[in-house]
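Heads up: the structure comes next, in structure tokens.
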Amino acid sequence: MAMFLYRLGRVSFHKRHWFLLLWAAVLAVAVFGAVKAPAAPEQSMSLPGTESQKAYDLLDQRFPNSGSSNGATARLVFVAPHGQKITAAGNKAAIEHTVREIADGSQVKSALDPFTTHSVSKDGTTAYAVINYAKANSDLTDATTSALKGAAQDARDAGLTVEIGGDALSQMATPGSTEGIGVAVAAVVLLITFGSVVAAGLPLITALLGIGTGVAVITAVASTIGFSSTTTTLALMIGLAVGIDYALFILSRYRSERAEGRDPQEAAGRAVGTAGSAVVFAGLTVIIALVGLSVVGLSFLTKMGLAAAFTVLVAVLIALTLLPALIGYAPNAVLPRSVRKKAEKDKGSESGRTPADGARTPEKPSPSTRWARFVIRRPLLVLLFGVVALGTCAVPALDLQLGNPGDESKPTSTTERRAYDDLSNAFGPGFNGPLTIVVDARNSDDPKAAATTVADDLKATHGVVSVTEPRFNKAGDTAMFTATPSTAPSSTKTKNLVHTIRDEADDIKASTGADMLVSGSTAVNIDMADKVTGAILPYLAVVVGLAFLLLMVVFRSVLVPLKAALGFVLSVCAAFGVIVAVFQWGWLADLLGVQTVGPISSMMPIFLIGVVFGLAMDYEVFLVTRMREAYVHGERPGQAIITGLRHSGRIVVAAAVIMMSVFAGFIGLSDSTIKMAGLGLASAVFFDAFLVRMTVVPALLALLGDKAWWLPGWLGKVLPNVDVEGEKLNRLKPVPAAAIHEAEQEPGRV
């Protein structure tokens, strides 16, 4: 592989114009396709195999005109002035006028008067009106949302307190300026790392081109494949991360090759042949982690993983071809200014220099070198420190509780949160998370009696405060009604209540012949959490197993891949500990803008594991391949560790700081799930880069010595030798630059 990539790097450098035109054409075609493609379909939430999904499917079949889950919903909450009743003549007139005003909207399917539907609190102070729309919230026009806000304001002008709940005003949070700050920090870090504006700009340019091309292609095929408008979220995040990383490592290797005296084209070829090999395998581990999300069995998560994996593939291809081509336009400008000035000075005084003048002064050890020597001297102490620190941070993860935060987790400055609080105060904490009970009485001798039995049993169940009258379909064989819990939707008691009701289904079927199913948003969240939790171990087995085999091929070792997997487990557990401590326990919640603590988003474990695994293996491959390269070329294990950290340590640190700044930008957003993801990813990158890859890994390798690179003889014969360390390149006799130039000037000469 190293030889193939070496030739690819040289060709890309030499034929830079053609490669630049090629990628420009690919981007142009992708953008044209994205512009002309039909709009992406709205993402539908599906939980195959769960009881809540079975209930939804049954409702769609037996109640075909209900349309409860097809469009957006708004819930206008009206609170009377202090000391007044909401049923007072003036207040009632204002509410009825507001509902009629909204009902005239073009996208409004129905607007239910609270006095007709008896949606008034027992104390008479609060009422709510339900507005159903024919379109999903992402398809509502500005005129529709403005009309909703305007009608609410008219009621406020009449003296009422009015808040808007539901999902009609919900919009997907976008990083905006916070992500821009992360990119700006990345630019500063790159400038400090490389000491060159051109070198700092190339990783950002190639990363942006990569995600631009990837997202454009995804958008172009979205309607055909079934990708939704939200599919690109993960692709943008991962594409930016790996795009910068991959270019960073290849560019750094190019500068190292130039420092050893090689001409620009040869340096580009060797950089792609060595660091590029690491990029290929690092990219494969990320792709495995993202494609492996299909193990969970959630279609929207599978599509997000596939889209992000494609963006990673694009990032790898751009790093291997476009980056060396761009370097070809400024082969010296990517070098540090101090190196360029010294080269010019040496060139100007070359004729008058004496051997003494030309003697190289010893280089001052870099921080990475000093740290490596410290680790080599005290490996056991360093290893214990890293493991204990990670273990301590992971302790809160033992209390991890999963759920799906709703409006209760939003800031109190939002109308959705205030509507949630008003409804909880007036109707009870469980009102915002009612349970939808579906009774399939098709096989029952008396469907109405079966529904009555279910309703009576629910009314007698501890934790249920109210049950509505059953509503039958036209055939009269299926009933649905609502049961309101006494506790909040995210409460553990509510989760236990759902399981208690479901446990009674067998007894009900035995006595009535009817099947009872529990659904609703609260039940969906519980089922999703259970489904994701059950998929974690299979997901880890598939992803870590495949990556283990891949890393065995890369490092030709059994212990190094095992160490890489264990290090990943430590870092991701520590990241979970941070999330639980902040979002569940409330530590530093005020500082980070977390206004309500509660369960962790059920999607967070799988999401965090997949992303962190990919990034962790990136750092592992980049750092340890340089160590193995030194070891294969004859250095002792301890010296190989020092060499690897000297060449790659600074780059790994720079890449980690960049990723932390990008991910930390998401912490500033108001959406609790995105805020949670930003903190989890930033924490995981910190733990993995600094405590695992830069601390635990070299310490453990130092303790293992030669045994770290042990591979059974029979296994060595079976595994392919991909030559990631570029051993074959050292046997090459590089073609002088002058000879290349001469060959280019003579037609027909190869």
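Starting from 1, each residue takes its place in the sequence as its number. Quantities reported herein were computed from a predicted structural model and do not represent experimental measurements.
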Atom of [X], atom of [Y] and distance for their closest heavy-atom approach:
X      : Y      : value
Ser571 : Val692 : CB-CG2, 4.0 Å
Ile250 : Ala271 : O-CB, 3.7 Å
Val272 : Pro324 : CG2-CG, 4.0 Å
Pro712 : Val558 : CD-CG2, 3.8 Å
Pro203 : Leu190 : CB-CD1, 4.1 Å
Phe622 : Ala282 : CZ-CB, 4.1 Å

Do side-chain atoms of [X] reach the backbone of [Y] as a donor and acceptor pair under 3.5 angstrom?
X      : Y      : answer
Glu257 : Ala267 : no
Ser294 : Val291 : yes
Thr321 : Leu317 : yes
Arg253 : Ala268 : no
Arg650 : Ser368 : no

Residues forming a ring-ring contact (aromatic ring centres under 6.0 Å, His included) with [X], sequence neighbours excluded:
X      : answer
Phe19  : none
Tyr539 : none
Phe663 : none
Trp23  : none

Review point. What's the verdict on side-chain contact (heavy atoms from CB on, under 4.5 Å) for Val554 and Val624, showing C-alpha distance, side-chain angles and the deciding distance?
Key: CA-CA 10 Å; Val554 175; Val624 181; over 6 Å; no
Which pairs count as salt bridge (charged side-chain N to carboxylate O under 4.0 Å, His left out) when at least one residue sits in [range], sequence neighbours excluded?
range            : answer
residues 701-717 : Arg636-Asp706
residues 524-533 : Lys495-Asp530, Arg502-Asp527
residues 683-699 : Glu620-Arg693, Asp688-Arg693

Nearest-0.5 Å distance, [atom1] of residue [X] to [atom2] of residue [Y]:
X      : Y      : atom1 : atom2 : answer
Ile526 : Leu402 : CD1   : CG    : 12.0 Å
Met676 : Ile600 : CE    : CD1   : 4.5 Å
Trp710 : Leu715 : CH2   : CG    : 8.5 Å
Ile667 : Leu679 : CD1   : CG    : 4.5 Å
Lys563 : Ser557 : NZ    : OG    : 8.5 Å
Arg628 : His633 : CZ    : NE2   : 9.5 Å

Side-chain touch [X]/[Y], heavy atoms, less than 4.5 angstrom:
X      : Y      : answer
Met603 : Leu298 : yes
Leu550 : Leu546 : no
Val217 : Phe310 : yes
Thr311 : Ile238 : no
Arg10  : Tyr6   : yes
Leu700 : Leu704 : yes
Ile641 : Pro698 : yes
Thr643 : Gln639 : yes

Point to revise | Residues, nucleotides or ligands: over 12 heavy atoms within 6.0 Å of Phe690 CZ | key: yes
Review point. CZ of Phe4: more than 12 outside heavy atoms within 6.0 angstrom?
Key: no
Listed pairs under 3.5 Å, donor-acceptor, residues 605-617 side chains, sequence neighbours left out:
none

Practice item. Give the C-alpha distance, both sets of side-chain angles, the deciding distance and a yes or no for side-chain contact (heavy atoms from CB on, under 4.5 Å) between Leu306 and Leu290. Key: CA-CA 7 Å; Leu306 292 175; Leu290 294 171; over 6 Å; no
Point to revise | Listed once per pair and sorted, the side chain to side chain donor-acceptor pair (under 3.5 Å) pairs that draw on residues 386-400, sequence neighbours left out | key: Asp399-Gln584, Asp399-Trp585
Check your understanding: What pairs of residues pass the side chain to side chain donor-acceptor pair (under 3.5 Å) test when at least one of them lies in residues 235-249, not counting sequence neighbours?
Key -> Tyr246-Asp618
Review point. Among all residues two or more places apart in sequence or in another chain, which pass the side-chain contact (heavy atoms from CB on, under 4.5 Å) test with Ala574?
Key: Leu390, Cys393, Phe687
**Study point:** Residues Glu629 and Thr274: side-chain donor-acceptor under 3.5 angstrom
**Key:** no
Point to revise | Audit row: Thr625, Phe281, side-chain contact (heavy atoms from CB on, under 4.5 Å) steps and yes/no | key: CA-CA 11 Å; Thr625 49; Phe281 283 97; over 6 Å; no
Taking distance alone, no hydrogens or angles, what donor-acceptor pairs closer than 3.5 Å link side-chain atoms of residues 369-376 to residues at least two apart or in another chain?
{"residue": "Thr369", "atom": "OG1", "partner": "Ser366", "partner atom": "OG", "Å": "2.9"}
{"residue": "Arg370", "atom": "NH1", "partner": "Pro365", "partner atom": "O", "Å": "2.6"}
{"residue": "Trp371", "atom": "NE1", "partner": "Met694", "partner atom": "O", "Å": "2.6"}

Practice item. Using the side-chain contact (heavy atoms from CB on, under 4.5 Å) rule, take Val572 and Phe576 through it: C-alpha gap first, then chi angles, then the decisive distance, then the call. Key: CA-CA 6 Å; Val572 78; Phe576 278 132; 4.0 Å; yes
